Amino acid sequence: MTGALQDAPTHLQPHLPGAHADLRRPFRLRRHGESPLRFVGWLLQAQLGAPSIVVAPACFWHELGLYQTVEGLFVVEIVAWSKDRAGLARRVRCHALAFEALDDALGAIEGHDPTADICPSVLSAAFAEQPSGFDWLAHSRYSHILAMFSGTVEARYRALAGALLYQIALASARAAVHRANPPHPRLA
Amino acid sequence: MTRRSAMAPIAANPFCAHEPAAPDRASPAIESADHHFHPVILPRHGLRPLHICGRALLHVSNRCVGLPAWSELTLFETRTSGLASTLTHHLTESLGGVWRDSALHANAPALPRAIQAHDPMIALVLPCADLVVPGESCRQAGEDIALAGLFRGAWFGMVRALFGNEPR
């Protein structure tokens with residue numbers, strides 16, 4: 001063990017559960033169309049979204065994670081999950097972005113467009129037949145459903161991001177109070 | 001090392017958006033019972049939370065038996081004598097789960113206007129009427145739509161009970 005707590009970010013030190021747990025470990029985060037992002041660090045906070053279902057087979061949700069590397073970079077991980085027709089969950093889009101400033105990392109979580117992660121495979125799992133030809137009614141019905149679906153995805157992602165950012169802020173505030181009131185040496 | 005109480009104002013939280021700095025004028029809020037102000041973190045929808053130093057003024061909820069979707073509203077007075085509100089809509093899982101948002105209000109008249117202008121239906125994920133097929137999902141969709149109506153009525157009932165029946 002190489003003193004993980006000494007290396008840990010100062011504002012999160014008391015958040016780590018105890019001096020004996022070395023929570024620093026290597027991570028390998030998938031990226032869409034790029035080689036995986038590899039680093040050694042800590043998982044600060046993660047949040048798993050609830051599946052958004054508008055059409056019965058369409059099942060789509062996001063997963064968020066915030067990491068810190070030993071070099072002091074902040075890494076935001078955004079994974080879009082979907083269920084295929086067989087009912088198996090699979091990643092459809094993976095984003096992993098590294099930032100020097102914490103503010104930029106939180107801004108990336110706030111500013112991510114979740115509807116851009118809806119790819120054709122999600123929709124083909126949901127709709128057995130896509131509208132074709134000059135069937136105006138089928139096209140209008142399809143576009144209406146798409147609008148509902150993307151609205152749901154957007155709302156679910158915003159709720160998820162808000163929950164993640166709230167949890168991080170609470171942990172940070174708790175750590176600050178803990179630092180201001182360290183436990184008695186006999187209890188520590 | 002000097003010990004502080006857990007309720008003493010803590011350092012600026014790097015994970016939060018902060019309320020604007022206090023104006024120089026001495027506000028009545030600061031003169032009275034300063035020790036009732038605590039650092040409070042209020043969740044927002046899709047954004048980093050608000051970090052205020054405030055005290056709770058009131059907490060209302062329209063939770064009752066037979067209403068599985070209900071709302072909560074909490075008001076805070078900030079140290080800078082502004083107002084902050086936190087809205088929570090507790091919805092069933094099929095309607096979208098928990099929805100929370102907070103906002104700062106510059107003065108007292110702005111608060112009822114903002115609350116009355118809030119549309120609770122933005123928190124709902126309503127079933128798509130075009131896609132309802134006969135069967136279990138149809139029954140679920142019907143229940144959801146009926147519940148959404150109840151939820152909306154209960155929300156406006158609560159707002160009317162709080163701020164009176166003002167024209168919007």
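Because the structure is predicted, anything quoted here is derived from the model rather than measured. Order of the sequence lines fixes the chain letters, A, B, ..., with proteins taken first and strands second; residue numbering starts at 1 for each chain.
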Colleague: Could I get the full list of side-chain contact (heavy atoms from CB on, under 4.5 Å) partners for Arg31(A), not counting sequence neighbours?
Modeller: Glu34(A), Ser35(A), Leu37(A), Ala96(A)
Colleague: Applying side-chain contact (heavy atoms from CB on, under 4.5 Å), can you list everything that pairs with Glu143(B), at least two apart in sequence or on another chain?
Modeller: Arg139(B), Gln140(B)
Colleague: Give a yes or no on whether Leu97(A) and Leu44(A) share a hydrophobic cluster (residues Ile, Leu, Val, Met, Phe, Trp, Tyr; joining criterion: side-chain heavy atoms under 4.5 Å apart).
Modeller: yes
Colleague: If two hydrophobic side chains count as joined below 4.5 Å and joins carry through other members, does Leu102(A) share a cluster with Ile78(A)?
Modeller: yes
Colleague: I'd like to know if Asp103(A) pairs up with Arg48(B) as an ion pair, taking the criterion as any Lys NZ or Arg NE/NH1/NH2 lying under 4.0 Å from an Asp or Glu carboxylate oxygen.
Modeller: yes
Colleague: Identify the heavy atoms of Tyr166(A) and Pro49(B) that sit nearest to each other, and give their distance.
Modeller: CA-CG, 3.9 Å
Colleague: Same hydrophobic cluster for Val159(B) and Leu111(B), using side-chain heavy-atom links shorter than 4.5 Å among ILVMFWY?
Modeller: yes
Colleague: Nearest 0.5 Å please: distance from the CD1 atom of Ile109(A) over to the CG atom of Leu47(B).
Modeller: 11.5 Å
Colleague: Is Leu42(B) close to chain A through its backbone or its side chain, or both, or neither, when contacts mean heavy atoms under 4.5 Å?
Modeller: backbone
Colleague: For a quick test of reading the model, state the closest non-hydrogen atom pair linking Leu165(A) to Gly46(B) and the distance between them.
Modeller: CD1-O, 4.3 Å
Colleague: Taking all atoms of both residues into account, what is the closest heavy-atom pair of Ile41(B) and Ala169(A), and its distance?
Modeller: CD1-O, 3.6 Å
